[in-house]
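The structure under discussion appears below in the form of structure tokens.
Proteins get letters first, then strands, A, B, ... in listed order; numbering begins at 1 in each.
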Amino acid sequence: MTGDLLSGVTAPPARVRVQLPLLLPEPYDYRVPGDMSLVPGSYVEVPLGPRRLFGVVWADGDWQGERVEERKLRPVMRAIDLPPMPEITRRFVEWVASYTMSPVGAVLRMAVSVSAALEDPRALTAYTRGEGEVPDDLRLTPARKRILEILSDGPPRLAADVAAEAGCGTGVVRGLAEAGVLTTVPMLALPRFPRPDPDANPKTLSGAQRLAAEDLTAKVSAGGYSATLLDGVTGSGKTEVYFEAVAAALRTGKQALVLLPEIALSAQWLDRFAQRFGVRPAEWHSEMAPPLRRHTWRAVAKGEARVVVGARSALFLPYPDLGLIVVDEEHEAAFKQEDGVIYHARDMAVARAHLGRFPIVLASATPSLETLVNAENGRYSRIDLPSRHGGASMPDVTLIDMRRKEQAPPARQWLSPVLREALSQTMLAGEQGMLFLNRRGYAPLTLCRGCGHRLQCPNCTAWLVEHRLSKRLQCHHCGYQAKSPDACPECEAEGSFVACGPGVERVAEEVATLFPDARIAMMTSDTLSGPRALREVIEQVKDGAVDLLIGTQVMAKGHHFPMLTLVGVVDADLGLAGGDPRASERTFQLLHQVAGRAGREERPGRVMLQTYMPENPVMQALASHDRDSFLAVEADQRRQLEMPPFGRMAALIVSGEDEGAVDAIAAALGRAAPRDREDLTILGPAPAPLAILRGRYRRRLLIKGPKTVSLQPILYDWLTRVEVPASIRVQVDIDPYSFL
DNA sequence: AGCACGCCGACT
DNA sequence: GTCGGCGTGCTC
């Protein structure tokens, strides 16, 4: 810049277009003070009405469109001293906005997700146990107890950190400080983000791993866009392989990003990374304390953080020289963002790699159909990692046909005699068992015996789930909670509630009755308040302090339990109901993952699936270990229906608090739909998968078209034909996850 | 996202 | 007669 000014060739533009992180249709123009030099991408603070906001200089003053009057311009207040947002990041923001049909500002908001990111540094407060006595009158609530425990040793920690680990709000931490039990100290030691060392501690790779790693490192070193599916079952060593790709990126001076579906729960992953590279990577996820987010954001922007591991939002950080993205567990539904800007992080990551001209690796043991089809038609290359032990360690999968009398459990119980017997044998042999049921709480539905009244969430179309451990009713969609009532709210009969169907708590109860001596541990998001609690349970299982583990999806993730030899799936059919073509794929992925927990190392494992539809292709594929022909059949069905990935699909979600108005707009959209085109199918309006969510009524329309047609312009045209009042929201979901 | 402006029910 | 509800629209 200075050079330009001195040479006098380029005068600083008098006006800049600034993109603000708001739902605005376009950037706003501002006047640039004479002594300020800005370039595209510069972060600036600008006035907007009575407020001051951070924004990004989106283009130079050579904008050819309609110009806002000179006298309306207000001056840029200040330029932020940070490297400008890279051009690729800005183009990526625009691309995502246009793909998802969202305002650019809405996407930019994700890229500068920390409003505080651009503010001046401020002192952080950390908390430590200190000298303060615990006063007698202080009620030691469970949350407070946990906090004191966490802070009993070790360095001072941030309130948000402690709260996350203790599973409570930051208020409890501050409250304890006010009561004098905790001491506050200024926090100086924020993470430094030392460079991970690609040569710190390289693992010895097996032959297949080495070949795979060489393939990937060659791609990373050469640069240029490529997409590679890394396909291998649990235990085949995918992580070690893509670590080598990360090492290659580090050696060529590039940044690397690893996207994980649930970063908060992957302490094990971080440990493995630290072991391989000597230091921890920079973490990025939405539960991080704001000061830490800000710190991390800046470290990424300045290029200090070389490897970032994060949830989907990490994709929007302003990397100055990103040279590799790895999407681990690429099939996971958690990559799909369902509110605000609706996007699939895996797909956006591929676009990001394409824009940045570097390789992307998609890793999974059960790849999504989308990715498999891309690999088959040559858009992606593919590396298959065979299991380390040949096929020998594959667990033996048995289907328990629950329709058969002798296999059905007694009334109000959920475990078949066959599974009970297997559990009993396993424990007698000194091995461990696991029961999986993807349903939190005691029972999915509670109703009144007297009048048949069902306990329903006041805000959503969902039953309230009874949680006996916390003695509360919970809505699993909006977070609504209430104390379990003593009497029926309808007929006022007392103690008339009956629980219908099993949840994990109920299965735990059954098991405790069946095996009174067994040491049972629960693993659900309700019992695990944070990463520390998770780690504790994992340690207990590893130490053999647990005989039987009962849990939901959180348990399905890759933990290595050498003594775990039996996995029982209480309701394998759960998730298949509803007829969504995606349901089979999803159920297969989940159950496959759960099955993978059984029998690792030298002990053979067995898996028992309780099902009422043993002939279902999902069950058959699991029993015969034949993933590929199952997916081939799935793919054929989708191809015939022209469903994704063989066709394109988008959803319009109409929502609002007034049911009548929502229906009216949904109907108007239905009438305005492009019905004149042979190649498009319009479905709906129909109640959306959750017809009422957080107090808003929801209707959904679907549009389906051939792969060759781009739906966005059609949707744009469609939406402009219907006038939507501000009280009603119409969201566009390109590539919806569920097809119904 | 804020914040002001503007048009219809219960208060001093 | 006002105070205030939040629907609608604007911010360079």
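- Base contact: A:Leu48 has a heavy atom under 4.0 Å from a base atom.
- With rounding to whole Å, A:Leu53 atom CG is found 10 Å from C:dC12 atom P.
- For A:Trp297 and A:Phe193, the ring centers sit 6.0 Å or farther from each other.
- The interatomic distance linking A:Glu657 (CD) with C:dG7 (C1') rounds to 12 Å, in whole Å.
- In this structure, A:Pro27 reaches neither bases nor backbone, as no heavy-atom distance under 4.0 Å exists between it and the strands shown.
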inquiry  = Would A:Arg696 and A:Arg729 count as a side-chain contact (heavy atoms from CB on, under 4.5 Å) here? Give the steps.
reply    = CA-CA 10 Å; A:Arg696 295 176 72 88; A:Arg729 195 165 71 203; 3.7 Å; yes
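- Among the atoms of the strands shown, only primed sugar atoms or phosphate atoms (P, OP1, OP2) are found under 4.0 Å from some heavy atom of A:Leu23.
- Atom pair A:Met77:CE and C:dT11:P shows a separation of 18 Å (rounding to whole Å applied).
- Side chain of A:Asp29, nearest nucleotide from C:dC12, B:dC3, B:dA1: C:dC12.
- Between A:Arg699 and A:Glu659, at least one side-chain N (NZ, or NE/NH1/NH2) sits under 4.0 Å from a carboxylate O, which counts as a salt bridge.
- The side chain of A:Arg51 places no N or O atom within less than 4.0 Å of a non-bridging phosphate oxygen (OP1 or OP2) of B:dA1.
- With ring centers used as reference points, A:Tyr343 lies under 6.0 Å from A:Phe316.
- Distance A:Glu723 CD to C:dG9 P: 9 Å, rounded to the nearest Å.
- Distance CG (A:Leu20) to C1' (B:dA1): 11 Å, rounded to an integer number of Å.
- For the pair A:Tyr28 OH and B:dA1 P, the interatomic distance rounds to 14 Å; values are reported in whole Å.
- A straight line from CZ of A:Arg52 to C1' of C:dC12 spans 17 Å, rounded to a whole angstrom.
- The distance between atom CD1 of A:Ile728 and atom P of C:dG7, rounded to the nearest whole Å, is 12 Å.
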